[in-house]
Amino acid sequence: MALIVQKFGGTSVGSIERIEQVAEKVQKFRENGDDIVVVVSAMSGETNRLIGLAKQISEQPVPRELDVMVSTGEQVTIALLAMALIKRGVPAVSYTGNQVRILTDSSFTKARIMQIDDQKLRADLKAGRVVVVAGFQGVDEHGNITTLGRGGSDTTGVALAAALKADECQIYTDVDGVYTTDPRVVPKAQRLDKITFEEMLEMASLGSKVLQIRSVEFAGKYNVPLRVLHSFQEGPGTLITTDEEESMEQPIISGIAFNRDEAKLTIRGVPDNPGVAFKILGPISAANIEVDMIVQNIAHDNTTDFTFTVHRNDYLSAMRVLENTAREIGAREVIGDTDIAKVSIVGVGMRSHAGVASRMFEALAKEGINIQMISTSEIKVSVVIEEKYLELAVRALHTAFELDAPARQGE
Ligand code: ADP
Ligand code: ASP
Ligand code: MG
């Protein structure tokens, strides 16, 4: 008998019919004798709808109140799923984050889980009940409702699995596993049987939204066996693992991630003295704006151009800060661009292969795609390009690194 935590995402509980299907699936596991804790998201579109309501009141809603509101989406689905299970004769009980006591810090809209009280859950499981827990939400030490950031139900699932020392955490979604890249952008993308935590972490942090970054961090830290599966189709899904065996057959690149959420800012003609980077980025970080990629160029006249990227939501505030800095340090001008995208190739195979980056640049050059910025680490290479070339770039790289699925007959 196993203890399994199963998380169902928004589309998987997007209608009453789907919720009934999820209940049927959980019932089957239960009949197999497994203990089941289910984590659900809000019905698809609901979190966006709620955020939209808040934005009609204020462009920047008070984060505490936003959390009070967006957490309601998950409260609806836990109750509906519990009802559907009970209707089938499966004893079940639903809990909000507060009721379980998923304790988080107080960073509203992006809270981190600190501790989970598993007593109630264990008692319910012992009594033969399926426990249904609201994803995405917790409570801080003062009793305020918090949420864990978009996609946060994945993290609730993994954190519960870690707390309960579950045998497996299964993330059920609308694709049948983790693919070499988003299958909605590249139809020739292939499902991976396995991917390492390290690679999955890079993929998630570079824009693959199939798993929230923190859920992968948690799973790696607490060694939670994690699997991504299709909610309603049978199949092995993708296992996220720690082992890096099979080096002989290992592909150089495991996946391609992309991200349209960034914007680029450049400050031109900065007098090139020691401390320039700090003068430029210090005020940005003081304004609580996170910087991703950074490039500094030396010009001929002892001035430098300095470019960096931030989240698109922070673009306007970053621009204001940078214009101030430009005046103070006597820089020539500040320019910005929101029509950019970041494309990244990821793979532990890069460690043992040279020339991966140049192969990437060659593939982009062949398509006439200009690279604006580059950043590399041990297992990834990222480039910033014009947003309109994003899909072309991802497809070209997918082909260049031999990730395309073999054509089926008739294609
Ligand atoms: P859920 O609502 O179940 O949490 P998400 O929309 O958050 O589902 O995540 C699943 C989606 O992630 C897929 O529909 C797919 O379009 C997208 N995705 C992005 N990159 C990948 C990838 N490498 N492999 C699989 N899916 C991916
Ligand atoms: N409902 C939340 C969101 O849409 C959390 C989740 O689905 O994981 O981001
Ligand atoms: Mg998700």
Side-chain angles (χ1 to χ4, degrees), residues 6-15 18 22 38-52 66-67 69-78 97 109-111 133-138 146-159 169-195 199-216 227-233 235 237-238 240 253-261 343-347 390-391 394 397-398 403 405:
Q6 303 185 320
K7 177 257 168 177
F8 290 88
T11 35
S12 313
V13 293
S15 64
R18 293 246 167 102
V22 168
V38 189
V39 173
V40 284
S41 292
M43 294 168 98
S44 53
E46 179 62 5
T47 309
N48 286 343
R49 187 186 73 85
L50 292 168
I51 293 172
L66 194 59
D67 278 357
M69 185 189 53
V70 292
S71 62
T72 61
E74 274 74 10
Q75 189 166 341
V76 171
T77 45
I78 51 169
T109 75
K110 45 177 185 293
V133 178
F136 180 53
Q137 55 176 263
T146 56
T147 65
L148 309 179
R150 298 308 304 268
S153 300
D154 297 333
T155 303
T156 306
V158 175
C169 180
Q170 302 174 340
I171 305 285
Y172 287 98
T173 183
D174 56 4
V175 280
D176 64 348
V178 177
Y179 275 67
T180 45
T181 192
D182 190 339
R184 294 184 207 288
V185 170
V186 180
K188 286 182 184 159
Q190 301 193 65
R191 183 182 58 79
L192 300 164
D193 282 325
K194 280 182 180 183
I195 183 167
E199 288 169 321
M200 194 62 236
L201 203 56
E202 287 284 6
M203 290 282 280
S205 64
L206 295 167
S208 294
K209 289 178 180 136
V210 60
L211 284 175
Q212 198 198 32
I213 306 169
R214 283 195 197 150
S215 71
V216 188
R227 196 182 285 277
V228 176
L229 300 133
H230 196 288
S231 297
F232 306 119
Q233 287 167 17
T238 300
I240 328 289
I253 297 304
S254 299
I256 301 172
F258 52 85
N259 182 351
R260 301 173 202 262
D261 294 338
V343 183
S344 311
I345 54 175
V346 174
L390 175 62
E391 300 196 352
V394 176
L397 292 170
H398 203 266
L403 297 173

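Values below: all heavy atoms of this structure, side chains included; hydrogens, waters and symmetry mates excluded. Just follow the structure's listing: the first ligand is 1, and inside any ligand the first atom is 1.
Proximity of atom 2 (O) of ligand 1 to the protein is indicated by at least one non-hydrogen atom lying closer than 4.0 angstrom.
Using modelled atom types, one side-chain atom of T238 and one backbone atom of L192 make a donor-acceptor pair closer than 3.5 Å. In this structure a side-chain-to-backbone donor-acceptor pair under 3.5 Å is present from S231 to T173. Of the possible polar contacts, one joining the R18 side chain to the T11 backbone as a donor-acceptor pair under 3.5 Å is found. Under a 3.5 Å cut-off, the side chain of E202 and the backbone N or O of V346 do not form any donor-acceptor pair. Between the side chain of Q212 and the backbone N or O of L148, at least one donor-acceptor pair lies under 3.5 Å.
Using a 4.0 Å cut-off between a side-chain N of Lys or Arg and a carboxylate O of Asp or Glu, K209 and D261 qualify as a salt bridge.
With respect to atom 7 (O) of ligand 1, the closest heavy atom belonging to the protein is K209 O, 3.5 Å. Counting protein heavy atoms only, atom 4 (O) of ligand 1 is closest to K7 NZ, 3.0 Å. Of all protein heavy atoms, the one lying nearest to atom 25 (C) of ligand 1 is G177 O, 3.4 Å. For atom 21 (C) of ligand 1, the closest non-hydrogen atom on the protein side is D182 CA, 3.7 Å. For atom 7 (O) of ligand 2, the closest heavy atom belonging to the protein is S41 OG, 2.9 Å.
With a 4.0 Å cut-off on non-hydrogen atoms, V228 does not touch ligand 1 at all. Under 4.0 Å from ligand 2, the heavy atoms of E74 that appear belong solely to its side chain. At a heavy-atom cutoff of 4.0 Å, ligand 1 is contacted by the side chain of P183 but not by its backbone. Using a 4.0 Å cut-off between heavy atoms, V175 contacts ligand 1 through its side chain alone, with no backbone atom that close. At a heavy-atom distance under 4.0 Å, no atom of H230 approaches ligand 1.
Proximity to R150 (heavy-atom distance under 4.0 Å) selects the following atoms of ligand 2: 3 (C), 4 (O), 9 (O). Within ligand 1, counting atoms from 1 as listed, the ones closer than 4.0 Å to a heavy atom of Y179 are 22 (C), 23 (N), 24 (N), 25 (C). Distances below 4.0 Å separate heavy atoms of R184 from the following atoms of ligand 1: 13 (C), 14 (O), 15 (C), 16 (O). Applying the 4.0 Å criterion to heavy atoms of V178 picks out, from ligand 1, the atoms 24 (N).
For the residues T173, D174, V210, the heavy atom positioned nearest atom 13 (C) of ligand 1 is part of D174.
Using 4.0 Å as the threshold, G152 has a heavy atom nearer than that to some atom of ligand 2. Residue G151 places a heavy atom under 4.0 Å from ligand 2.
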Given the rule in the side-chain hydrogen bond (donor to acceptor under 3.5 Å, both in side chains) test, do D67 and T147 qualify, once you have shown the distances and angles that lead to the verdict?
CA-CA 6 Å; D67 278 357; T147 65; 2.7 Å; yes
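Exactly one residue among V186, L206, L397, T180 makes a side-chain contact (heavy atoms from CB on, under 4.5 Å) with I256. That residue is L397.
T47 contributes atom OG1, which lies 9.5 Å from atom CE of M69 (distance to the nearest 0.5 angstrom). One finds the NZ atom of K7 at 4.0 Å from the OG atom of S41 (value rounded to the nearest 0.5 Å).
With a 6.0 Å radius and a threshold of 12 heavy atoms from other residues, nucleotides or ligands, Q190 has its CD atom above the threshold.
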